[in-house]
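So the structure is just underneath, and the comments pick up after that.
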Protein chains: 2
Amino acid sequence: MAAGKGEGAGGDAGTGLSAGLETAWGLRERPSKGPRPGLSLDRIVDTGIRIAAAEGIDAVSMGRVAKELGVSTMSLYRYVSAKDDLYVLMQDAAAGAPPPRPASAAGWRAGLEWWAREQRAVFRRNLWLLRIPISSPPASPGSLEWMERGLEVLDGSGLDDGRKISVMMLVGGYVRNEVSLMADLDAAMRAQGVAPDEVMRRYARTVDALTSADPGRFPGVRRLLGAGVLDVPDADDAEFEFGLGRVLDGVAVLVEGRG
Amino acid sequence: MAAGKGEGAGGDAGTGLSAGLETAWGLRERPSKGPRPGLSLDRIVDTGIRIAAAEGIDAVSMGRVAKELGVSTMSLYRYVSAKDDLYVLMQDAAAGAPPPRPASAAGWRAGLEWWAREQRAVFRRNLWLLRIPISSPPASPGSLEWMERGLEVLDGSGLDDGRKISVMMLVGGYVRNEVSLMADLDAAMRAQGVAPDEVMRRYARTVDALTSADPGRFPGVRRLLGAGVLDVPDADDAEFEFGLGRVLDGVAVLVEGRG
DNA sequence: ACGGTAGTGCGTATGCCCTACGCAGTAACC
DNA sequence: GGTTACTGCGTAGGGCATACGCACTACCGT
């Protein structure tokens, strides 16, 4: 773990950021002294993302990335101060900046829906994102743009800034959590090498075996088993939209002041 | 990673569970043949929990647990099939079974509030719990009891079973996510060795340094900085209760059928 | 033109980590 | 008393991140 020192080799401005992140913010120009670098941050980060997308975040090791690039492991440390740094850079590159808000997403509710769905899309395109341990609050260009966009969307809600942040954390957290479950299922699938619904079916069978010995202890769970509710893998979008609808209903109560 | 085989050395029933979990369910009696074990699952799991509580989940390695117990690393594998197995066992032992529901928590809303707060309390007592990668759906006795209790609480809501599960995932996810942020803050604190509010203050300073160069790009964020909203570390309970209230408001809309 | 120097790639080495395998010892059963 | 199932654990193999230092390169100032 550990965000490490975080400042490393003398940050330019007093940002307290790692070398890699300052580069991402464009705060570092290449010093025109030594030999021209044979590698670039972008190539490293892209390679990391490619590996993560194909084989999961655990497959991304410094050695592996280096091998993929045909360089030695230690070369990477000229560009990245530590593995965590690479992770943050990958995260930012993959998440990128939010797309422009379409005209259809007017008003706070439609706006939040757009914001949530767009974030979900990013996560779903890069399930490994959620497996990266968060080591510090969002300080990358992309993250801040997302935050900015969220604030913008809530402008018409009449909520004060503190409330806006709270609502954004609520909605953002919901999205994150929903996709997280999906990522976990994905990981289980990879590990066992079976299809998603097969994972759920096995799970239902396991729970059945465990609770059948003492049914009185788990009446509700056994009812679920009988109805086959546990077999189905959430039907994806429907489940997400259901939860999002509930959350936004709750926000609506707040906005409309009928709390 | 990887839930691995999961069945290992011939599961008793067709549960498909690891050896350790079957022991937790009481499905395995000690075979009365060889020398008496000098160790016990409980001692191993307790030691793991103690280390995790004191130094975070990353400090829990097989070697470390063994050293703490004064045995060799490999001895542990007689009791636990893999490190992931130990993690699951630790999770179950720490979460335990839900306490009995008090009379004050009558009705679905008060019931869900109780359920959510109780789960949060468990997570807060064991912040490392959230750092454990979930490798499979909940199949431990404790997890199923929590699920059972959630179903029970929603009995008076008039929702069907599918909806109940959805609502439970929504609320449970909310709790999980909220405490997760706290755990991340805790980890950052540990890593940098500073107090929580100092972490936030540094963060605010970083964001300020980054966005001050081009203020027009981040008007909302800069407004937050000016108001000092980013300095404060969420005021704990208030933030949690706010989000929970919103979520339950949303559920209420569903239950009362004014969707 | 030419040394100084900062920046480069990378080999080596340290110290962790998980866990497969197999051996020697032990205690109950037949 | 032998069989057998089970115990603890030593050894070893294959990862991993990264500190350190060496050889080399290309620009800068003179």
Side-chain angles (χ1 to χ4, degrees), chain A residues 1-6 8-10 18-20 23 28-41 43-44 48 51 55-88 132-133 135 191, chain B residues 1-6 8-10 12 18-20 23 28-41 43-44 48 51-52 55-88 132-133 135 191:
Chain A
M1 232 41 15
K5 290 292 143 47
S18 69
T23 310
R28 243 171 227 273
E29 63 280 16
R30 196 177 93 65
S32 58
K33 248 329 185 31
R36 201 153 290 115
L39 229 50
S40 75
L41 243 188
R43 289 223 300 145
I44 295 173
I51 296 174
E55 302 170 46
I57 192 67
D58 285 339
V60 180
S61 68
M62 298 305 272
R64 177 64 192 283
V65 171
K67 188 184 293 180
E68 210 87 1
L69 284 165
V71 301
S72 90
T73 304
M74 289 313 291
S75 304
L76 303 185
Y77 284 91
R78 290 285 178 206
Y79 300 83
V80 159
S81 65
K83 200 185 153 196
D84 283 342
D85 201 17
L86 172 59
Y87 277 172
V88 173
I132 294 182
S135 55
Chain B
M1 228 38 21
K5 289 295 142 48
D12 262 8
S18 68
T23 309
R28 243 172 227 274
E29 64 280 15
R30 194 178 93 68
S32 59
K33 241 345 183 15
R36 201 153 290 115
L39 228 49
S40 74
L41 244 188
R43 290 222 300 146
I44 295 174
I51 296 173
E55 302 170 46
I57 193 66
D58 286 338
V60 180
S61 69
M62 298 304 272
R64 175 65 192 283
V65 172
K67 190 184 292 180
E68 211 87 0
L69 285 165
V71 301
S72 89
T73 304
M74 290 313 292
S75 303
L76 302 185
Y77 284 90
R78 291 284 176 205
Y79 301 82
V80 159
S81 65
K83 199 186 156 194
D84 282 341
D85 201 17
L86 172 59
Y87 277 172
V88 173
I132 294 183
S135 55

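Proteins come first, then strands; the chains are lettered A, B, ... in the order of their sequence lines, and each starts at number 1. Values below: every heavy atom of this structure, side chains too, minus hydrogens, waters and symmetry copies.
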How is B:Met74 classified with respect to the nucleic acid when contacts are heavy atoms under 4.0 Å: base, sugar-phosphate, or nothing?
base
Any A:Ser61 side-chain nitrogen or oxygen under 4.0 Å from OP1 or OP2 of D:dC16:
yes
Of all heavy-atom pairs linking A:Arg64 and A:Ile51, the shortest is CG-CD1, 3.7 Å
In whole Å, I'd like the distance from the OH atom of A:Tyr79 to the P atom of C:dT8.
6 Å
In whole angstrom, what separates A:Leu39's CG from D:dT25's P?
18 Å
Using only side-chain N and O atoms of A:Ser75, determine if any of them is under 4.0 Å from OP1 or OP2 of C:dC10.
yes
Could you tell me which non-hydrogen atom of B:Leu41 sits nearest to which non-hydrogen atom of B:Tyr79, and how far apart they are?
CD2-O, 3.9 Å
Gap between atoms CZ and C1', on A:Arg78 and C:dT8 respectively (whole Å)
6 Å
Which whole-number value in Å describes the distance from A:Lys67 NZ to C:dG11 C1'?
16 Å
Distance check needed: C:dT8 P versus A:Arg43 CZ, whole Å only.
15 Å
Whole angstrom value for the distance that separates P of C:dC17 from NZ of A:Lys83
15 Å
Would you indicate which nucleotide in D:dG8, C:dC17, D:dC27 comes nearest to any side-chain atom of A:Arg36?
D:dC27
Name the residue closer to the 5' end of DNA chain C, choosing between B:Pro35 and B:Ser81 according to the nucleotide with the nearest heavy atom.
B:Ser81
What is the distance, to the nearest angstrom, from the CD atom on B:Glu55 to the P atom on C:dC16?
14 Å
A:Arg43 meets the salt bridge (charged side-chain N to carboxylate O under 4.0 Å, His left out) criterion, sequence neighbours left out, with none
Just verifying a value: how many Å separate B:Ile44 CD1 and B:Leu69 CG, rounded to the nearest 0.5 Å?
6.5 Å
Check the distance between C:dT8's P and A:Tyr77's OH and give it to me in whole angstrom.
17 Å
